[in-house]
Amino acid sequence: MPRVILFIACCAVLAMGGGMVRSAMVLAALAFASLCAWIAWQLVRIFLGRP
């Protein structure tokens, strides 16, 4: 999952470099939301005691 988030973030940086500001903002928001969801899932797994 972190690799997917890094890939989306890299795409956002490339879009920003290409002048596609709106696309970069959408991709950055998607990467941030994915990261938050992944962290929340990891915390749930820790609190439930599952590996």
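Residues: numbered from 1 along the sequence shown.
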Subject >> Nearest-0.5 Å distance, CD1 of residue Ile8 to CG of residue Leu35 >> reply: 10.5 Å
**OP:** Can you measure from CD1 (Ile39) to OG (Ser34) and round to the nearest 0.5 angstrom?
**Re:** 11.0 Å
Original post:
Which heavy atom in Ala24 sits nearest to a heavy atom in Ala12, and how many Å separate them?
Top reply: CB-O, 3.4 Å
Original post:
Can you hop from Leu43 to Trp38 via hydrophobic side chains spaced under 4.5 Å?
Top reply: yes
Original post:
What distance separates Leu27 CG from Phe7 CZ, expressed to the nearest 0.5 Å?
Top reply: 9.0 Å
**OP:** Write down the atom of Ala31, the atom of Ala9, and the distance for their closest heavy-atom approach.
**Re:** CB-N, 4.1 Å
Original post:
Do Met20 and Val13 share a hydrophobic cluster (ILVMFWY, side-chain heavy atoms under 4.5 Å, transitive)?
Top reply: no
